[in-house]
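Data block below; observations after.
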Amino acid sequence: MDSVSHLIRLARLDATVDKRCLLARATAMEVPACGEGKAPFHLLLDGVCVVELPDRVIELRAGDFILLPGGSAHRVLTSGTTDPSQGVVEEGGGAFSLVHSRKGESVIDLFCGHYASGPGAGTILLRSLPDPSHVSFRQAGDADATVRTLTNLIRQEATFDGPGTAAILSLLCNTLLAMVLRTSGGRLAGSGLWTAADDERLRTVVDEVLRAPGADWTIARLARVAAMSRATFVRHFTQATGMTVREFLTHVRLMAAAELLTETDLPVAAVAADVGYNSDSAFSRAFRLATGSTPARFRRSLKHGSGTPVGLKAEP
């Protein structure tokens, strides 16, 4: 299995389209902060708008996608001097809400949603991505045709808004996330995605670690896999992925640990050893920092919340 497909499977993210926004000029739409375990996204199908974040402003054009793993509050602004009396009207009743300006013809067609995850692999994956992650699918190439087809499907299903629409939109948005995770630096604004390094030698490293996260991955061994010197490998890896080698190893190992805790009845100590930790306490500390939960509490929450995971014995 390729690395992106592997990560999507581990993450178990639930994608939801919350709103379709058909906004006129001079409109400002406030988007509140998301709760824990939710990462909002925006996909712009038509027009131009601006996403105003606490520390920056990002322009979106048709074919742009932005993911906010931190879930921070922000505003969506259309062109023109914002009119305080303009406001927006939100109408529910279907698989998602329809939001439109109080007056004027729409100049953008924007889908707003979120990816939700529990405290395990999905949370770790989202936190490992740049915040924000801004991807443009406007450049020439095969990916553009694919995204156009995908967005047309999203628009058609949203227009239908009938039985099965919520499930179909969720699947389409997870497909979109997979396309984002495999996007190389040329389509990204800001930091690169470690899931899609431009350098094939670094992609080989990512693939090898995902296949065997518990192996003894020293810098020297990873450099040999990449066919680079140690210093060159460390420098190129950090530049290409926006994270250190140690951070990358931690992300992958803890995602693999969350999968083992979910799908097997292995003791926590055995899980720690399988993903490359020699110390149970070090593993528990790293897992808690990444997910907000200890391994034991994470497993118990799965049993008592969404049902007993495959392979686990129900508690008496």
Side-chain angles (χ1 to χ4, degrees), residues 1-16 34-39 67 69-71 114-129 170 174 177-178 181 193-195 205-218 222 241 243-316:
M1 183 182 295
D2 66 89
S3 59
V4 170
S5 298
H6 189 177
L7 289 169
I8 291 289
R9 184 181 65 82
L10 287 177
R12 303 170 186 261
L13 296 173
D14 182 22
T16 301
C34 275
E36 185 68 24
K38 293 183 178 181
L67 174 68
H114 68 274
Y115 294 100
S117 65
T123 293
I124 297 167
L125 174 61
L126 290 174
R127 290 179 178 176
S128 75
L129 303 178
S170 178
N174 272 323
L177 180 62
L181 293 180
L193 294 168
W194 66 269
T195 57
V205 168
V206 172
D207 289 343
E208 289 296 315
V209 173
L210 281 168
R211 275 194 283 268
D216 183 19
W217 291 115
T218 62
L222 291 169
T241 66
M243 67 173 68
T244 66
V245 175
R246 181 175 181 178
E247 288 170 337
F248 159 68
L249 287 173
T250 298
H251 290 319
V252 172
R253 284 172 167 165
L254 293 181
M255 289 182 70
E259 178 74 358
L260 289 172
L261 290 167
T262 301
E263 295 291 339
T264 76
D265 59 358
L266 288 172
V268 170
V271 171
D274 274 5
V275 299
Y277 282 86
N278 297 322
S279 163
D280 295 357
S281 59
F283 168 64
S284 293
R285 183 167 57 251
F287 195 89
R288 186 178 66 252
L289 286 173
T291 68
S293 174
T294 65
R297 189 165 68 243
F298 169 73
R299 177 173 272 174
R300 286 196 300 271
S301 71
L302 291 173
K303 285 175 153 182
H304 298 304
S306 57
T308 303
V310 175
L312 291 182
K313 298 176 182 178
E315 292 182 345

Which distance, rounded to the nearest 0.5 Å, do you find between the [atom1] of [X] and the [atom2] of [Y]?
X    : Y    : atom1 : atom2 : result
L266 : R299 : CG    : CZ    : 7.0 Å
I124 : L7   : CD1   : CG    : 11.0 Å
Y115 : T16  : OH    : OG1   : 10.0 Å
L181 : W194 : CG    : CH2   : 8.5 Å
L67  : L193 : CG    : CG    : 9.5 Å
I8   : N174 : CD1   : CG    : 6.0 Å

[X] to [Y] - nearest heavy-atom pair and separation:
X    : Y    : value
S170 : A15  : OG-O, 2.7 Å
S5   : D2   : OG-OD2, 2.7 Å
L210 : P213 : O-CD, 3.6 Å
V268 : P295 : CG1-CB, 3.9 Å
Y277 : R253 : CE1-CB, 4.2 Å
A39  : L126 : CB-CD1, 4.0 Å

query = Does the side chain of S281 come under 3.5 Å of the side chain of S279 through a donor N or O and an acceptor N or O?
reply = yes
Donor-acceptor side-chain pairing of S117 and T123 below 3.5 angstrom = yes
Is there side-chain contact between [X] and [Y], with heavy atoms separated by less than 4.5 Å?
X    : Y    : value
T262 : F298 : yes
V209 : L249 : yes
V275 : F283 : yes

request  = For F248 and V206, run side-chain contact (heavy atoms from CB on, under 4.5 Å): C-alpha distance rounded to whole Å, both residues' side-chain angles, the deciding distance at 0.1 Å, then the answer.
outcome  = CA-CA 9 Å; F248 159 68; V206 172; 4.1 Å; yes
key: side chain to side chain contact (heavy atoms under 4.5 Å, CB included), paired with S128, selected from E247, M255, M243   = M243
Candidate pair R12 and E259, rule side-chain contact (heavy atoms from CB on, under 4.5 Å), full reasoning = CA-CA 10 Å; R12 303 170 186 261; E259 178 74 358; 3.1 Å; yes
inquiry  = Whether the side chain of T294 engages the backbone of R288 through a donor-acceptor N/O pair (distance < 3.5 Å, no angle test) should be reported.
reply    = no
ask   = For the side chain of R127 and the backbone of H251, is there at least one donor-acceptor N/O pair under 3.5 Å apart?
value = no
task = Would you please test S3 and T195 for side-chain contact (heavy atoms from CB on, under 4.5 Å) and show each step?
result = CA-CA 7 Å; S3 59; T195 57; over 6 Å; no
query = Between E263 and R9, does at least one N-O distance fall below 4.0 Å, as a salt bridge requires?
reply = no
